[in-house]
Undergrad: 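Below is the structure I would like to discuss, written out as structure tokens.
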Amino acid sequence: MGSPSDTLTSVRLRLDIAGVVQGVGFRPAVARIAARHGLSGCVYNDSGAVHCELEGPVEAVDAAARAIATDHPPMARIDSIRTTPVAPIGDSGFRIVGSRSGDDRRTLVPPDIAICDDCLRELRDPDDRRYGHPFITCTNCGPRYTVITDLPYDRPATTMAQFPMCARCEAEYRNPLDRRFHAQTIACPDCGPTLAWHGPGAGGDPLGAAVAAIDDGLIVAVKGIGGFHLACRADNAAAVSELRRRKTRPAKPFAVMAANVGAAESICRVDRAAANLLRSPAAPIVLLPGRDGSVQAAVAPGLSEIGVMLAYSPLHHLLFDRLGPVPLVLTSANSGGSPIVFRDADLNWIDGLADAVLTHDRPIHVPCEDSVLAVDADGGVVPIRRSRGYAPLPVSVPVTTTRTPILATGGDLKTTFCLMSPDGHAHMSSHLGDMADPRTQTCFESALDHLAFMTDSCPGLIACDLHPNYATTTWARRQGRPILQIQHHHAHAVSLLAEHGRLGTPMLAVAFDGTGYGTDGSIWGGEFLMVTDPASFTRVGHVKPFALPGGDGAVRRPGRIALDLLHRARIDWAPGIAAVDGLSDQERYVLGQQIPRGIGCVATSSMGRLFDAVASLLGVCQDVTYEGQAAVELEHLARRGRAVPLEFAVATGVLDPVPLIVGLVRGLRRGTPAADLAAGFHAAVIAATVQAVGQAAAGIGTVGLTGGVFVNRLLREGLRNKLTDMGFEVLTHAVLPCNDGGLALGQAVIAAQRQERGTSVCVSEFPAR
């Protein structure tokens, strides 16, 4: 701060501000702060940052600089501010000047966020000129990532470029006192995008036609911010059933959209933490305990939770304003495993799924699925899918890649890639789908090209999974660049360390998931990995291997795995055991030849597959129609039970499930309720894991829980509590999903560490087969 005499002397201070500072109303906010403090100067964008110069009395300049750092727009994220005194020039007034090019750096691209309260109020005000306008937005809300085509972020560099502003919008755009000052997506009914309807009742009111169709029980494809959704009334069981038939999705839960928190509370229980998440700018899908039995049975059969999100776009709110507070199924417009449809030209991808289409003429440059989160018992966030509202914001990790940017391709399911730049910014893509689908590979490449351009990253090294037959591994090999294959569970563990900024912390990782290619060529998935250096790991424990008879076929028919475990436990395949009864005579005959001889049986240590087998034994699930179905339904059954005593045999970090199988069958034959046995199984997994950690920790005080099995909050919370009580520091995922949606970050960090140390980057330990 200056002395009183200094206040009469003008100074000029330059601020170079990096982070998420474009497309979020940052320049108008700086202009308002400067005006509030009576300062002159200017503010402008370039490709890498926002720059401003503040001139005036030193106290006013200091105060304005502090305000810029602390009172920035809600969508902004400041990573750094560099200040430099410069010579005063005596200009008058404060100006927002045109964006400048020529800087090779790139700023961070903001995500799409929900409509703000101010825009929502105007949307519903009959006296406002944007009343009922489906594309109302301002500097504090709306699409960003999905409409930005170039940087610096100005209107010509968005998909709004084809909509010239009318005189009134331009006046708001140029008024420093207006909320839409330099709002690049500004529009109104006179100059903005328009809706179009293709379906029954076509006429002059596309919105009214869509509402009538949905009310009549039809399925409507609705073009949103990041792609098309399929919409129908969630309280219309026939409509939901028809949607399931068309999508060949007999059991996988559908997301539900509610008009507001009050409407959400009519179908599920919403506590304060969940309400805050629902109302947050990211507006994710949140898994919540259901309270409406009919809606629950229709949208999430066999489960106790419903995935709910609130209306987040102006179009959604307009639909609900006419429909009333009814819940809507709002699921991605795609077929199983394929990416979300986001272009009108690709609507043939969903031929036969929708009865009608409500679309608009604002192009979506890149697609973006909805994010999915849960809330744990302590109110903490459990990410399940990180996409709209969060992607492509980077995770900052303490890694510097001095040679070249790195691309990590992630896994084959829940595919999400990571671009790591030399400054340690790990840019995570949105959720893309199942990489085995050629359409997903096309979207993968388009999203990669877009993010590489926006971040000015040309990857010189590709990190991918160790599995020789993953589509992501095959894709990486085709690129003609050096590749580094990373063991699956090692990547999970390092992803967890990286998101916590703890790469230097020795950690015992408990990595439980479904499938991961091991360094011995078998399928891992129930692993205890010692990670004292992110570049390497030591396997110090695991689930004792059992078999997947028929390989991938056993994933779809978990009774096959159950019969292998019964064989290992020397239990006859007698009628009356659900896993036995759920298989045909022919299947049992073939398995009777396979299992004793090990013919066509793939060895695995997978905890995820053990959950599947137990679900089959207890009669929970015999046919898996979506990834994780058996395990998810088993968890929800366990929540209703009282745990009965069951146990693994644990020795030197190895969990043998045979005693557990014996106990489960004994319980079934005694008539113990399946819910109690399911709860007992969860308790046994927790107890055995705690015991194995105690055997393998060897003085390490930090334990990490990672891998897709830890989407199971009953297991996650129970294990975290037990280990914490033993004095361990327990790390769990709170930024990225524990499943394969977070895998790419770990791959990128491991590759960066090995690159720094000069480790060979052409690693292919096992040939493709």
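Nothing here was measured: the structure is a model prediction, and the numbers come from that model.
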Undergrad: Is atom CZ of Arg478 surrounded by more than 12 heavy atoms (other residues, nucleotides or ligands) closer than 6.0 Å?
TA: yes
Undergrad: For atom CG of Asp725, is the number of surrounding heavy atoms from other residues, nucleotides or ligands below 6.0 Å larger than 12?
TA: yes
Undergrad: What's the verdict on side-chain contact (heavy atoms from CB on, under 4.5 Å) for Asp656 and Arg568, showing C-alpha distance, side-chain angles and the deciding distance?
TA: CA-CA 11 Å; Asp656 184 353; Arg568 292 172 190 273; over 6 Å; no
Undergrad: So, does Ser606 use its side chain to make a donor-acceptor pair with the main chain of Thr515 at under 3.5 Å?
TA: no
Undergrad: Under the rule for ring-ring contact (aromatic ring centres under 6.0 Å, His included), what residues qualify as partners of His682, not counting sequence neighbours?
TA: Phe611
Undergrad: More than 12 non-hydrogen atoms from neighbouring residues, nucleotides or ligands closer than 6.0 Å to CZ on Arg639, yes or no?
TA: yes
Undergrad: Please assess Val632 against His636 for the test side-chain contact (heavy atoms from CB on, under 4.5 Å), listing each intermediate value before the final yes or no.
TA: CA-CA 6 Å; Val632 170; His636 286 262; 3.7 Å; yes
Undergrad: How about CD on Glu647, more than 12 heavy atoms from neighbouring residues, nucleotides or ligands closer than 6.0 Å, or not?
TA: no
Undergrad: Any side-chain donor paired with an acceptor under 3.5 Å for Thr732 and Arg716?
TA: yes
Undergrad: So which heavy atom on Ile384 is nearest to which on Ala374, and how close?
TA: CD1-CB, 4.1 Å
Undergrad: Name the orientation class of the two ring planes belonging to Trp524 and His489 (parallel below 30°, tilted from 30 to 60°, perpendicular beyond 60°).
TA: parallel
Undergrad: OG1/Thr689 to CG/Leu723 distance, rounded to the nearest 0.5 angstrom?
TA: 8.0 Å
Undergrad: Using atom types as modelled and distance alone, determine if a side-chain donor or acceptor of Ser430 lies under 3.5 Å from a backbone N or O of Glu369.
TA: no
Undergrad: Main chain of Leu548, side chain of Asp564: is a donor-acceptor contact present, judged purely on distance under 3.5 Å?
TA: no
Undergrad: The criterion is side chain to side chain contact (heavy atoms under 4.5 Å, CB included); which residues satisfy it with Ser536, sequence neighbours excluded?
TA: Asp533
Undergrad: Would you compute the distance between atom CG of Asp513 and atom NE2 of His492 and round it to the nearest 0.5 angstrom?
TA: 4.5 Å
Undergrad: Under a 3.5 Å distance rule, please check whether Glu635 uses its side chain to pair with a backbone N or O of Ala631 as donor and acceptor.
TA: no
Undergrad: Does one side chain, of Asp740 or His488, offer a donor that lies under 3.5 Å from an acceptor on the other?
TA: yes
Undergrad: May I ask you to decide if Gly742's main-chain N or O and Ser495's side chain share a donor-acceptor pair within less than 3.5 Å?
TA: yes
Undergrad: Is there a donor-acceptor contact under 3.5 Å linking the side chains of Arg502 and Thr505?
TA: yes
Undergrad: Within the side chain of Thr604, is there an N or O that forms a donor-acceptor pair under 3.5 Å with the backbone of Ile523?
TA: yes
